[in-house]
Amino acid sequence: GQPSALFCADEVFCGRAAHRGTETCAVVEAMASLEQGFSVLGIASLLDEAETLAYNALPAALTADMWTHVYVQQANSIFAGKTR
């Protein structure tokens, strides 16, 4: 897994490779699947996992105003800032 608590998946499943990332769509789809799983099975720990993603993986994928998102987030990216 990744520090965000979600597996690494950028077009292909990439395991624990530090130079690979996770697509934003994988984050929201995993959250939706966990919520659906809870509604069907009633297992509360599924919501705990969804909450972990919401607090750890989702903020890295969206801007503060939630108007833009990154295609792939990388936990080990060495660049943090604005591009020209």
Side-chain angles (χ1 to χ4, degrees):
Q2 298 286 314
S4 63
L6 187 64
F7 52 85
C8 178
D10 53 1
E11 301 300 332
V12 296
F13 182 70
C14 52
R16 295 183 179 175
H19 67 285
R20 304 297 288 272
T22 302
E23 292 184 28
T24 300
C25 61
V27 176
V28 295
E29 289 172 7
M31 290 175 61
S33 294
L34 290 165
E35 292 166 7
Q36 183 66 29
F38 170 76
S39 69
V40 172
L41 303 171
I43 301 171
S45 63
L46 295 174
L47 290 181
D48 291 336
E49 291 180 43
E51 182 181 45
T52 298
L53 292 176
Y55 282 102
N56 294 308
L58 200 55
L62 303 170
T63 57
D65 61 6
M66 300 183 101
W67 275 90
T68 57
H69 71 277
V70 296
Y71 180 69
V72 175
Q73 56 176 294
Q74 294 176 294
N76 295 317
S77 177
I78 59 169
F79 177 79
K82 296 182 179 182
T83 58
R84 294 179 188 236

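Note that CD of Gln36 is 9.5 Å distant from CG of Leu41, once rounded to the nearest 0.5 Å. Considering CG of Leu46 and CE of Met31, their distance stands at 13.0 Å, rounded to 0.5 Å. Between Asp48 atom CG and Leu53 atom CG the span is 11.5 Å, to the nearest 0.5 Å.
Residue Pro59 comes nearest to Ala54 through the heavy atom pair CD-O, 3.2 Å, listed as atom of the first residue, atom of the second, then distance.
Residues Leu58 and Trp67 do not share a hydrophobic cluster, clusters being chains of Ile/Leu/Val/Met/Phe/Trp/Tyr side chains in contact below 4.5 Å.
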